[in-house]
Amino acid sequence: GGSKSDKLSLAFRLFDADNDGFATRREMWQFLRAFLTVLVSLKELSGVASVTELQTLIDKAAMDLTGTIMTEADLNKDGRISYEE
C-alpha cells in the first residue's frame, strides 16, 4: 500500500526527472512516451503496425496525455507542475 499522499509523491517524483521540484511538459512527455512504449511492446502490437507507425501513435498519445495533464494541473500556467499544484 501506502497512503494516497505517499502514492502521489511517488508519482510526482517519477515525472520530475531532474529532481528540481517541478514536472515540466518535456519531463512528463518523456515519461509517458517511455511508459506507453513499454505497454505497446508488452502487448506485442508490433505485428499490427510498423515500428514507425507505432512510434508515431505513441508520440501522439504521449503528447495528448501531457497536454491534458498540463491543462488540468498547471494551475499557475508557468509550463511546469509543482508538487503543491
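- The closest donor-acceptor contact from the side chain of Q55 to the backbone of T52 lies at 3.5 Å or more, if one exists at all.
- Between D64 atom CG and K60 atom NZ the span is 3.5 Å, to the nearest 0.5 Å.
- Within 6.0 Å of atom NZ in K77, more than 12 heavy atoms from other residues, nucleotides or ligands are found, so the atom counts as buried in its surroundings.
- Using a 4.5 Å heavy-atom threshold, the side chains of T24 and W29 count as separate.
- To the nearest 0.5 Å, atoms CZ (F15) and OG1 (T66) are separated by 7.5 Å.
- Distance CZ/F31 to CG/L14: 4.5 Å, rounded to 0.5 Å.
- Residue L65 holds its CG atom at 13.0 Å from CE of M70, rounded to the nearest 0.5 Å.
- With rounding to the nearest 0.5 angstrom, the CD atom of E27 is 4.0 Å from the CG atom of D18.
- Hydrophobic cluster membership differs between M63 and V40, with clusters built from Ile, Leu, Val, Met, Phe, Trp and Tyr side chains linked at under 4.5 angstrom.
- I81 is listed as a side-chain neighbour of M28, based on a closest heavy-atom distance under 4.5 Å.
- A donor atom on one side chain and an acceptor atom on the other are found under 3.5 Å apart for S9 and R13.
- Between the CG atom of D59 and the CG atom of L32 there is a distance of 11.5 Å, given to the nearest 0.5 Å.
- For the pair R80 and D74, the salt-bridge criterion is not met [side-chain N within less than 4.0 Å of a carboxylate O].
- Hydrophobic clustering (side-chain heavy atoms under 4.5 Å, transitive across Ile, Leu, Val, Met, Phe, Trp, Tyr) keeps L57 apart from L36.
- Side-chain N or O atoms of D16 include one that pairs as donor or acceptor with a backbone N or O of G21 at under 3.5 Å.
- More than 12 heavy-atom neighbours from other residues, nucleotides or ligands sit within 6.0 angstrom of OH on Y83.
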